[in-house]
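The basis for the numbers below is simple: all heavy atoms, side chains too, and nothing from hydrogens, waters or symmetry mates.
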Amino acid sequence: MNYPALVYSRGHVSPPSSVVMQVNGNDLELSWAAQQESMYCRNTDLATVLVYNADKGKATGSVFETSWGELGCVIAIPAGFLGDDLHCYMSFSSADGKLVGDSRYLVIFR
């Protein structure tokens, strides 16, 4: 399967830029750059992060728990996922849920 080509969301909300990821124990730490606010980029936009375990066919993540303005989040990775191939995706949606953005493939990691 071509995991980088998979998309779970399409829309006009701006995608994250300059995303940095780091695995720290069972946590996936993500941070992203601030952007100038516009109709399609608000500090109140909410992040969705999806981590897909290709080896187990299961996913974990965070939906609408972190705003753009926080410039980062931490996702707990289940202990059973560690050591497997994990694919990470991210998108933002408006706080009211009326606008969504394109999901972005970030990286594969173990």
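Residue Glu70 comes nearest to Glu65 through the heavy atom pair OE2-O, 4.4 Å, listed as atom of the first residue, atom of the second, then distance. Across all their heavy atoms, Ala76 and Asp27 have their closest contact at CA-OD1, 3.7 Å. The shortest non-hydrogen separation linking Glu29 to Val74 is CG-CG2, 4.1 Å. Minimum heavy-atom separation, Ser9 to Gly101: OG-O, 2.6 Å. Smallest separation of non-hydrogen atoms from Ser91 and Tyr8: OG-OH, 2.9 Å. Heavy-atom minimum distance, Gly57 versus Tyr52: CA-OH, 3.3 Å.
Annotation: side chain of Ile77 is not in contact with side chain of Val23 (no heavy-atom distance under 4.5 Å). Contact of the Thr48 side chain with the Phe92 side chain is not registered, since no non-hydrogen atoms from C-beta on lie closer than 4.5 Å. Side-chain contact between Pro15 and Asp102 is absent, with no heavy-atom pair separated by less than 4.5 Å. Residues Val49 and Cys73 form a side-chain contact, since some pair of their non-hydrogen atoms from C-beta on lies under 4.5 Å apart. With a 4.5 Å cut-off on side-chain heavy atoms, Asp85 and Tyr3 do not count as touching.
The CG atom of Leu30 sits 5.0 Å away from atom CE of Met21, with the distance rounded to the nearest 0.5 Å. Atom CD in Gln35 sits 10.0 Å away from atom CG in Asn43 (nearest 0.5 Å). Rounding to the nearest 0.5 angstrom, the gap separating the OG atom in Ser14 from the CG atom in Leu99 is 10.5 Å. Going from atom OG of Ser31 over to atom CD of Gln22 covers 8.5 Å, rounded to the nearest 0.5 Å. Taking CG from Leu46 and OG1 from Thr66, the interatomic distance works out to 8.5 Å, rounded to the nearest 0.5 Å. Here the straight-line distance linking atom CG of Leu28 with atom CG of Leu106 works out to 8.5 Å at 0.5 Å rounding.
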Problem set entry | Residue pair Trp68, Glu37: steps toward the side-chain contact (heavy atoms from CB on, under 4.5 Å) verdict | CA-CA 10 Å; Trp68 188 295; Glu37 285 194 281; over 6 Å; no
For this session: Report the C-alpha distance between Thr44 and Ser67 in whole Å, list the side-chain angles of each, state the deciding distance to 0.1 Å, and finish with yes or no for side-chain contact (heavy atoms from CB on, under 4.5 Å).
Result: CA-CA 5 Å; Thr44 56; Ser67 70; 5.6 Å; no
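Aromatic ring pairs are classed by plane angle as parallel below 30°, tilted from 30° to 60° and perpendicular above 60°; the pair Tyr105 and Tyr89 is perpendicular.
With hydrophobic clusters built from ILVMFWY side chains whose heavy atoms lie under 4.5 angstrom apart, Trp32 does not share a cluster with Leu50. Hydrophobic clustering (ILVMFWY, side-chain heavy atoms < 4.5 Å, transitive): Val7 and Leu86 are in distinct clusters. By the criterion of side-chain heavy atoms lying less than 4.5 angstrom apart, applied directly or through intervening Ile, Leu, Val, Met, Phe, Trp or Tyr residues, Val63 is not grouped with Met90; the two fall into different hydrophobic clusters. A chain of hydrophobic side-chain contacts below 4.5 Å, direct or via other Ile, Leu, Val, Met, Phe, Trp or Tyr residues, connects Val107 to Val19.
Judged by distance alone, the side chain of Asn53 and the main-chain N or O of Ala59 form no donor-acceptor pair under 3.5 Å. When atom types are taken as modelled, the side chain of Lys56 and the backbone of Gly80 share a donor-acceptor pair closer than 3.5 angstrom.
Remark: Thr60 pairs with no residue by the side chain to side chain donor-acceptor pair (under 3.5 Å) rule, at least two apart or across chains. Here Tyr40 pairs with His12 under the ring pair (Phe, Tyr, Trp, His ring centres under 6.0 Å) rule; sequence neighbours left out.
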